[in-house]
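Chain letters run A, B, ... following the sequence lines, proteins first and then strands; every chain starts at 1. Since the model is a prediction, treat every value here as computed from it, not as a measurement.
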2 protein chains.
Amino acid sequence: MVEALRANGLKVTHQRTEIIREIVQTKDHPDVETICRRVRGRIPAVSLDTVYRTISALFERGLINRIMVDAKRARYDADVTRHNHFVCDTCGRIVDIDSTGRGGCRASDKLSEVGVVERVEVLFRGKCIHCVADQE
Amino acid sequence: MVEALRANGLKVTHQRTEIIREIVQTKDHPDVETICRRVRGRIPAVSLDTVYRTISALFERGLINRIMVDAKRARYDADVTRHNHFVCDTCGRIVDIDSTGRGGCRASDKLSEVGVVERVEVLFRGKCIHCVADQE
DNA sequence: AAGTAAATAGGAATCAATACTAAATAGGAA
DNA sequence: TTCCTATTTAGTATTGATTCCTATTTACTT
């Protein structure tokens, strides 16, 4: 991933390395604020702006995914292989879900008349097992 | 839809009627700002706040859908029947896409261990025919 | 090692969305 | 029709996420 920075003409800074390390090693699809807080555990002076700029740069180059679950903050995923997401509308938890077999989702015929599809995002919304248990 | 207001204990006001009329008769999935601008064509004094409150009230009661296409504004859809969306990443156009036959998308087995799925959102992202034509 | 263009920190600005207030208005039940 | 209450307006303020600004620092080239 750090190599991908160079390949895109981006400088490999200490901050960027740590930010990348942070999103690669987690599976909980954090938002920018969370990433910043965690990176500060190692680089206390990182500015929120730097995290935003780094994350945006990575996203624009397709090196990470953005998941829009609500009207509030964006969440990010370093796993860019094809997979889907389950979102808990109660606690906000996001869990990776494998795409089943071929395509996972088939486009209707009408789609080709509308435009060129570059990627498909599938979001399963509901309530996670923890929240189901909590509400009893 | 106006009936649904009453059923939910909401008063049927002139503003609400016109806001509902506006989102029901359009297929372009407008944001709140756009809805407000259009309603002002008929009720010049509608406040943006009223449009926000009405749209939120309808959304919370499941009478309209919210579509998050980018990190910016939310867009709304009066069609709550099961269907998917195509989003043009260049111009922001959103087009309704029928769900093909059964389910459209099958969940993996793992899903039942994660939580209870209440609905599935499918977003086809790409470039619409107009934007493909423009870039030549 | 030196130069330069890019990146950073920190704070300020922006933007969408919501909240708040008061006074005016209008829906709906009696 | 009358009353009560929810709703609207207008205008301001707030919140929270994201972006912009500027002086300073740093990575990479030669």
- line: Residue pairs meeting side-chain hydrogen bond (donor to acceptor under 3.5 Å, both in side chains), one or both in residues 113-126 of chain A, sequence neighbours left out, come to D89(A)-R125(A), R119(A)-E121(A), E121(A)-R125(B), R125(A)-E121(B)

task: Indicate for each nucleotide in nucleotides 22-30 of chain C, in 5' to 3' sequence, whether protein heavy atoms under 4.0 Å reach the base (B), only the sugar-phosphate (S), or nothing (-).
output: -----BS--

Could you tell me whether the side chains of [X] and [Y] share a donor-acceptor contact shorter than 3.5 Å?
X      : Y      : result
D49(A) : S47(A) : no
S56(A) : R53(A) : no
N65(A) : H29(A) : no

- prompt: Do I23(B) and L58(B) have side-chain heavy atoms sitting under 4.5 Å apart?
  reply: yes

- request: Please tell me if the side chains of H85(B) and D77(B) come closer than 4.5 Å, counting only heavy atoms from C-beta onward.
  value: yes

query: Is R75(A) reaching over with its side chain to a backbone N or O of G92(A), donor-acceptor style, under 3.5 angstrom?
result: yes

message: When you measure from the side chain of R16(B) to the backbone of K11(B), do you find a donor-acceptor pair of N or O atoms at a distance under 3.5 Å?
response: yes

- request: Return one dot-bracket line describing DNA chain C 5' to 3' (Watson-Crick or G-U wobble pairs, both distances under 3.5 Å; ( ) same strand, [ ] crossing, | another strand, . none).
  value: |||||||||||||||||||||.||||||||

Using whole Å, what does the distance between atom [atom2] of nucleotide [N] and atom [atom1] of [X] come to?
X      : N       : atom1 : atom2 : result
D70(B) : dC15(C) : CG    : C1'   : 13 Å
L5(A)  : dA27(D) : CG    : P     : 13 Å
I35(B) : dA16(C) : CD1   : P     : 14 Å
E18(A) : dA27(D) : CD    : P     : 13 Å
K72(A) : dT14(D) : NZ    : P     : 17 Å
R73(B) : dT19(D) : CZ    : P     : 13 Å

task: Apply salt bridge (Lys or Arg N to Asp or Glu O under 4.0 Å) to R21(B) and list each qualifying residue two or more places apart in sequence or on a separate chain.
output: E18(B)

message: Please enumerate all residues that pass salt bridge (Lys or Arg N to Asp or Glu O under 4.0 Å) together with D134(B), with sequence neighbours excluded.
response: none

- request: For dT9(D), take OP1 and OP2 only and decide whether either is under 4.0 Å from a side-chain N or O of Q15(B).
  value: yes

- prompt: Looking at CZ of R93(B) and OG1 of T90(B), how far apart are the two atoms once the value is rounded to the nearest 0.5 Å?
  reply: 10.5 Å

query: Counting only non-hydrogen atoms, which of residues 43-60 of chain A are less than 4.0 Å from DNA chain C?
result: A45(A), V46(A), S47(A), D49(A), T50(A), R53(A)

